[in-house]
Structures are given as structure tokens and as C-alpha cells.
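For reference, the structure discussed in these notes is given below.
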Protein chains: 2
Amino acid sequence: MMDEIDRKIVGLLQTDATLSVAQLADRVGLSPTPCWKRVQKLEASGVITRRVALVDPEKIGVGLIVYVAIEAGDHTPDWLESFTRAISAMPEVMEAHRMAGEVDYMLRVAVTGMAEFDALYKRLIQAVPMRNVTSRFAMEQLKYTTAYPLHRANFRDRAGRDLEGEVQGQG
Amino acid sequence: MMDEIDRKIVGLLQTDATLSVAQLADRVGLSPTPCWKRVQKLEASGVITRRVALVDPEKIGVGLIVYVAIEAGDHTPDWLESFTRAISAMPEVMEAHRMAGEVDYMLRVAVTGMAEFDALYKRLIQAVPMRNVTSRFAMEQLKYTTAYPLHRANFRDRAGRDLEGEVQGQG
DNA sequence: GTTGAAACGCCCTGATG
DNA sequence: CATCAGGGCGTTTCAAC
């Protein structure tokens with residue numbers, strides 16, 4: 001189980017992965033060696049999955065973000081299979097979720113402009129039948145981060161106790 | 001302007017920022033020195049904005065993703081100002097866009113569970129008046145990437161020419 | 001663009017307390 | 001957990017082609 005120091009390490013690396021182990025150790029109040037071991041453990045256990053470079057979408061000409069809400073044509077394993085394969089092959093589809101409620105799937109798409117989105121849309125409805133597709137276009141990005149919130153309730157202190165009281169339904 | 005080699009470098013670093021300059025140079029068909037210079041330039045020019053560690057949300061107990069569609073209470077600068085300040089202070093709000101069309105704003109939220117989302121929702125409607133809020137809950141993540149698509153049309157060859165014919169509306 | 005080389009820092013691994 | 005020590009690798013810069 002992760003403790004408060006692990007939480008700090010993850011928090012720091014989520015915002016800046018160029019930090020050296022020495023800097024990291026300094027900021028979490030540890031010496032380099034155990035700090036390095038913790039980082040290794042966080043990677044081995046799959047908490048930290050990868051290190052990537054983030055890019056300014058405007059600078060590479062991918063300025064249009066579109067949220068696409070989809071109602072499936074039918075609810076069969078085949079449909080899901082075809083749909084999954086289709087979006088996997090589309091680099092413009094950066095995120096895809098299966099949803100609860102009326103909307104079945106939600107996509108986050110990044111394209112150069114309307115013309116390209118239209119082409120993508122056509123490829124999509126051609127790959128698999130859809131009952132309904134609603135596209136919403138972003139005008140301005142107010143906030144964007146890849147850093148997940150690190151709640152104290154999800155970590156332990158050195159005695160192995162929760163840092164906060166039990167959270168409802170999270171036992 | 002970026003050329004084909006820059007495009008490859010960005011593409012590689014978007015998926016794996018742990019690559020050494022030597023490895024990178026090897027894969028793009030360059031020697032280390034000019035490859036290193038290109039990376040520096042990409043960072044200085046703001047194409048590459050940062051390097052971060054990505055984390056498995058399940059492993060840190062943030063398993064619930066919610067898309068929130070918002071219609072603003074009114075359309076004044078003050079409202080936008082208050083709204084922006086509110087979501088900036090909420091780490092659970094990982095993404096926020098101002099949208100075209102009926103929905104004014106779109107949030108992507110990561111929380112530990114329904115209880116926490118409910119608390120966030122209350123904080124949100126308390127911070128600023130809303131005409132309508134529609135929350136959609138993700139059941140399963142089909143795809144997720146931080147890597148933007150790199151279209152050949154947005155890059156040049158060594159002669160400075162577009163790699164593809166002019167794209168409609170992108171001329 | 002290329003190669004080769006040097007200086008420096010950091011990563012990573014041990015040993016010790 | 002801390003501290004110390006060391007080898008090896010990668011980064012960064014330089015010179016010359």
C-alpha cells in the first residue's frame with residue numbers, strides 16, 4: 001500500500017518527469033537511494049505506467065477538439081468489437097469511454113479542422129452502424145492536465161492507517 | 001517550420017519520453033548531435049511543452065470518470081471569471097472546454113466514486129449559477145492517449161514544400 | 001548534415017550503519 | 001531509513017570535416 005511519501009512522489013512526477021532522483025528526494029524529505037527505490041517500485045507495480053512528452057496541439061496544427069456522443073446501432077458483442085477496432089485505428093480519437101445512461105459511447109477527438117472531422121465522421125459511421133451521433137465542438141480550452149487528483153483518503157500513514165476517515169462506499 | 005524528421009521525433013517522444021538522444025537519433029535516421037539540437041529547438045519553440053509521468057487511475061483509487069455538460073447561468077464576463085477560478089481550484093476537473101452550440105462548457109472529471117462526485121457537483125453549483133448540468137458516467141475506458149495525431153499535411157519536406165496537397169480550409 | 005572526443009552529472013548498485 | 005563510494009551511461013558541448 002502507498003503512503004504519504006509515495007503520494008508526493010507520484011504527484012511531483014505527474015507534473016514534471018524531468019526531476020532527477022536527487023531533486024525528488026529533496027522535495028519529499030528522503031535521501032536519494034530510498035527515493036530511487038520507491039520510484040522503481042511505483043513503476044514495477046504499474047502505478048506509474050509511462051513517461052511521455054506533452055505537445056502543444058496548436059503548434060502541430062491540431063487545434064480542433066470535438067466531443068462525440070454515440071448511441072450504438074445495436075447492443076451486440078460484434079458491434080462493440082467492430083467499434084473498438086475502428087477507433088483503435090484512428091489516431092484522431094484520443095479517448096473513448098463506454099458510458100452509463102442514454103449515450104453509449106463518448107469520444108474525445110483531435111483534428112486539424114472541420115474538413116478533417118467530417119472525413120473522420122464518415123469513416124466512423126461507415127465502419128459500424130450508429131443510432132445517433134452528437135458532436136460538440138470546443139472553442140477554447142480552459143483547463144487541461146494529465147495529473148490525476150491524489151486524495152489523502154487513498155493513502156496510508158506509516159502505521160498503515162488511512163489518512164482520513166472511511167469514505168462512503170469506498171470502504 | 002517543422003519537417004518530416006521533427007514529426008518523427010515528436011511522435012516518438014509523445015509515446016516514450018525515456019528514449020535517449022542516441023536511440024532517438026537512431027530511429028529517425030540522424031546522428032545524436034543534430035538530433036539533440038532538434039529536441040532542444042522543439043522544447044524552446046513550445047512544441048514540446050513538458051515531460052510527465054502517466055499514472056494508472058485505478059491504482060490510485062480514482063476510478064470514476066465523468067463528463068459534465070454545462071449550460072451557464074448567464075453569459076457575462078463575471079460568470080466566466082468565477083467559473084474559471086472555481087474549476088482551476090479543483091484537481092478533480094482534469095479538462096474544461098468552452099463549447100460551441102447548446103452546451104456552453106464541457107468538463108472531464110476524475111473522482112474516487114459517486115460520493116465524491118456528488119460533493120464536487122455541489123461545490124460547483126454553489127460556486128456559480130448554472131442553467132443546466134448533465135453528468136455522464138464512464139463505465140469502461142476503451143482508449144486513452146496523450147499523443148496528438150501528427151498529420152503529414154502539417155509538415156514540410158526539406159525543400160520546404162507541404163508533404164500533401166493543400167487541405168480544404170487549412171490553406 | 002557527419003564523426004570523434006571530452007567534461008560533467010546522474011543513474012544505479014553496492015556496502016555500511 | 002541514512003550515508004558513502006564507485007562504475008557506467010547519457011547529456012551537453014566542442015572541434016573538425
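Just so we're clear, the structure is a prediction, and the values are computed from it rather than from any experiment. In what follows, every chain begins at residue 1, and chains take the letters A, B, ... in the order their sequences are listed.
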Nearest to the [X] side chain among [options], which nucleotide is it?
X	options	answer
A:S31	C:dT2, C:dC10, D:dA2	D:dA2
B:W36	D:dC4, D:dT13, D:dA2	D:dT13
B:T33	C:dG4, D:dT3, C:dC11	C:dG4

Rounded to the nearest angstrom, tell me the gap between atom [atom1] in [X] and atom [atom2] in [N].
X	N	atom1	atom2	answer
B:L24	D:dT11	CG	C1'	13 Å
B:E43	D:dT12	CD	P	8 Å
A:L19	D:dT11	CG	P	17 Å
A:D26	C:dC10	CG	C1'	15 Å

Q. Given that A:Q40 and B:R38 both sit by DNA chain C, which one's nearest nucleotide is further toward the 5' end?
A. B:R38
Q.
Below 30° counts as parallel, above 60° as perpendicular, anything between as tilted: where do the rings of B:F83 and B:Y105 land?
A. tilted
Q. Is the closest side-chain heavy-atom distance between B:Q14 and A:V52 below 4.5 Å?
A.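 No, their side chains stay 4.5 Å or more apart.
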(Q) A:E95 vs A:M106, test: side-chain contact (heavy atoms from CB on, under 4.5 Å). Steps then yes/no. (A) CA-CA 8 Å; A:E95 204 172 321; A:M106 198 78 181; over 6 Å; no
Q: Could you tell me the separation between the CZ atom of A:F117 and the CG atom of A:L120, rounded to the nearest 0.5 Å?
A: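 Reported to 0.5 Å precision, the distance equals 6.5 Å.
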